[in-house]
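Presented below is the structure to which this report refers.
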Amino acid sequence: MITPEFIDDYNEPGLSRLTDEVAHAESVLDHGGLDAVAIIDEIARFPVAAPSWAVGTGGTRFGRFPIGGEPRDTFEKVDDVAALNALTGANRTISLHVPWDNPTDPEGLRAYAEERGLAFDAMNSNTFQDNPSTTENGNISYKFGSLGNVDEGARKAALEHNLAVIDLGQRLGSKALTVWLADGMNHPGQASFRGQLTRVADGLRQIHDQLPEDWLMFTEHKPFEPAFYSSVNNDWGSSVLLAQATGERCKCLVDLGHHLPNTNIEQVVSRVAMTGRLGGFHFNDSKYGDDDLTVGSIKPFQLFLIFLELLEVGGGRMPDLAYMIDESHNLKDPLEDLIQATDAIQHTLALALCVRRDQLTDAQNDNDPARAAEVLHRAFRTDVRPLVAEARLRNRGAIDPFTAYRASGYRAAKVEERGASSVATGL
Ligand code: RM4
Ligand code: MN
Ligand code: MN
């Protein structure tokens with residue numbers, strides 16, 4: 001465990017320097033007409049969930065190199081997210097993926113998480129692999145799709161799996177279901193576009209019909225992979241159509257890696273928000289496809305523009321949506337990556353909060369793109385690191401969570417406890 005006492009001790013030597021840096025940042029921002037205290041408040045308030053599948057290393061189709069000490073079950077995944085949250089103070093929920101996570105004692109797991117200060121975020125239903133709900137009946141497979149399959153048995157198994165995931169989620173205290181489907185085609189002519197979309201809409205509606213009253217459900221689009229010719233829910237337009245066909249409480253989730261190269265994702269966010277169906281985010285970064293790289297590591301300015309759209313939706317604060325990191329780590333220690341991802345998210349939020357919206361609007365109304373660019377760049381180039389560190393400190397996290405993590409010896413302790421070759425469930 002990484003205890004608050006360890007973090008306090010680790011922070012101690014850096015406190016007075018941070019105080020100076022925050023005071024300096026406050027005066028710089030004040031000079032620009034910005035309220036640093038309000039920015040710190042908003043960073044400290046904003047939480048981002050950790051996915052249970054990101055605390056283990058991911059594989060590519062070429063291989064997998066486990067880091068050692070990977071969690072062997074969902075309880076151990078909770079331990080890792082609790083360690084992460086102790087360092088950042090911002091990862092207060094964990095999102096499970098079923099059946100990669102299939103706790104036999106949900107109430108026990110819930111209590112275990114609560115004792116460690118964590119709650120359960122959106123539940124993810126996995127119907128992209130055959131799993132116990134299909135293999136028990138040898139004739140059923142998701143090979144040709146789940147909710148969109150022409151085979152009624154496969155559709156029924158997928159529906160039942162989603163309902164079982166909701167049931168499990170209720171016992172864990174979750175309030176949402178995320179449905180990402182692998183349904184699609186690898187070969188032109190393999191299936192009917194209309195038929196697949198109609199069947200998926202139908203299945204989602206049946207899930208929605210049985211959704212608990214205080215729950216939301218999310219559709220998540222993705223243009224390709226594992227279906228390489230077409231995906232049923234391929235883009236934000238299809239996602240909105242599906243959400244509308246599904247019901248009131250179905251919203252769209254935007255995974256930043258689920259867009260073709262050069263897509264204007266900030267515009268996608270704006271459009272989906274205008275339909276009233278924006279439900280949440282999966283944060284990651286991408287160069288080519290669904291690369292699941294560290295958020296903000298490749299296109300930081302794009303991330304900044306996305307946050308700007310979100311702040312517009314929320315009237316200057318982050319709107320109340322489901323925010324999660326969805327990354328896969330083939331090389332880094334997964335916890336180190338999640339620390340860096342959380343920091344990048346908080347840092348970018350701080351930068352977006354530094355935009356003088358009034359000045360931007362004036363520049364837009366004067367048809368003055370150069371002045372608009374000045375407004376954006378002045379914000380983007382602000383040194384907000386002390387504000388982020390101060391926000392973390394308020395949540396009793398570490399001023400510098402990365403070095404604190406390394407100093408804690410957490411990974412070595414877990415290798416000792418869980419073994420050098422444990423492999424967590426996931427991709
Ligand atoms: C998918 C998608 C989903 C996630 C799986 C593991 O590409 O991003 O959100 O549940 O990967
Ligand atoms: Mn995702
Ligand atoms: Mn993905």
Side-chain angles (χ1 to χ4, degrees), residues 48-61 64 74 77 93-102 120-131 142 145-147 158 161-162 165 168-169 174 176-184 200 204 216-228 230-236 238-239 242-243 251-261 263 265 268-269 272 278-295 298 306 321-330 334 337-338 341 345 424-427:
V48 59
S52 73
W53 60 100
V55 287
T57 48
T60 69
R61 66 197 171 96
R64 185 169 183 169
T74 307
K77 292 178 189 178
T93 54
I94 176 169
S95 189
L96 300 192
H97 213 303
V98 188
W100 289 340
D101 299 296
N102 209 0
F120 289 90
D121 208 76
M123 302 292 292
N124 300 265
S125 60
N126 181 338
T127 58
F128 47 85
Q129 294 170 320
D130 284 336
N131 61 51
Y142 294 139
S146 57
L147 291 177
H161 180 63
N162 275 284
V165 172
L168 173 62
S174 168
L177 172 75
T178 298
V179 185
W180 174 73
L181 297 170
D183 293 51
V200 166
L204 291 174
L216 290 176
M217 63 185 272
F218 304 123
T219 55
E220 179 182 354
H221 64 272
K222 173 167 167 167
F224 71 94
E225 192 199 22
F228 283 102
S230 80
S231 287
V232 174
N233 189 1
N234 63 308
D235 62 10
W236 72 271
S238 297
S239 198
L242 283 171
K251 310 259 178 186
C252 303
L253 194 147
V254 178
D255 182 312
L256 299 184
H258 291 190
H259 301 88
L260 296 173
T263 298
I265 303 176
V268 169
V269 171
V272 178
L278 186 62
F281 275 78
H282 280 182
F283 290 112
N284 51 54
D285 213 337
S286 142
K287 182 83 177 156
Y288 303 107
D290 187 20
D291 306 339
D292 280 336
L293 300 173
T294 317
V295 56
I298 295 178
I306 290 167
L321 306 177
Y323 300 95
M324 193 190 84
I325 299 167
D326 188 4
E327 296 178 352
S328 184
H329 330 287
N330 302 328
D337 183 86
L338 289 167
I345 289 165
T425 46
L427 283 174

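Everything numeric here is computed off the predicted structure, so don't read it as measured data. First listed ligand is number 1; within each ligand, the first listed atom is number 1.
Against a heavy-atom cut-off of under 4.0 Å, Asp290 is close to the following atoms of ligand 1: 7 (O).
Annotation: Trp180 places no N or O atom under 3.5 Å from an N or O atom of ligand 1; distance criterion only. Considering both main-chain and side-chain atoms, Trp100 never comes within under 3.5 Å of ligand 1 through any nitrogen or oxygen pair. At least one N or O atom of His258, backbone or side chain, sits closer than 3.5 Å to an N or O atom of ligand 1. Note: an N/O pair closer than 3.5 Å links His282 and ligand 1 by distance alone.
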Worked check of side-chain contact (heavy atoms from CB on, under 4.5 Å) between Leu204 and Val179: CA-CA 9 Å; Leu204 291 174; Val179 185; 3.9 Å; yes

Passes side-chain contact (heavy atoms from CB on, under 4.5 Å), Asp290 versus His258? Steps please. CA-CA 6 Å; Asp290 187 20; His258 291 190; 3.2 Å; yes

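Among the atoms of Asp292, none of the N, O or S atoms falls under 2.8 Å from the Mn ion (ligand 3). At a cut-off of 2.8 Å, His282 coordinates the Mn ion (ligand 2) through an N, O or S atom. Coordination check, Asp255 versus the Mn ion (ligand 2): passed, since an N/O/S atom of the residue sits under 2.8 Å.
A side-chain donor-acceptor contact under 3.5 Å links Asp255 and Asn284.
Of the protein's non-hydrogen atoms, the one nearest atom 10 (O) of ligand 1 is His97 NE2, 2.8 Å. Of all protein heavy atoms, the one closest to atom 9 (O) of ligand 1 is Glu220 OE1, 2.7 Å. The single protein non-hydrogen atom nearest to atom 11 (O) of ligand 1 is Leu427 CD1, 4.3 Å, given as residue, atom name and distance. What sits closest to atom 8 (O) of ligand 1 on the protein, heavy atoms only, is Asp326 OD2, 2.9 Å.
You'll find the side chain of Cys252 reaches within 4.5 Å of the side chain of Thr219, heavy atoms only. Two residues are said to be in side-chain contact when any heavy atoms from C-beta on lie closer than 4.5 Å; Met123 and Ser95 fail this criterion. Contact of the Leu147 side chain with the Leu181 side chain is registered, since non-hydrogen atoms from C-beta on lie closer than 4.5 Å. A heavy-atom distance below 4.5 Å is found between the side chains of Asp326 and Trp53.
Here the N, O or S atom of Asp326 that is nearest to the Mn ion (ligand 2) is OD2.
In Glu225, neither the side chain nor the backbone holds a heavy atom less than 4.0 Å from any atom of ligand 1.
Asp121 places no side-chain N or O within 3.5 Å of a backbone atom of Met324 that could act as its donor or acceptor partner.
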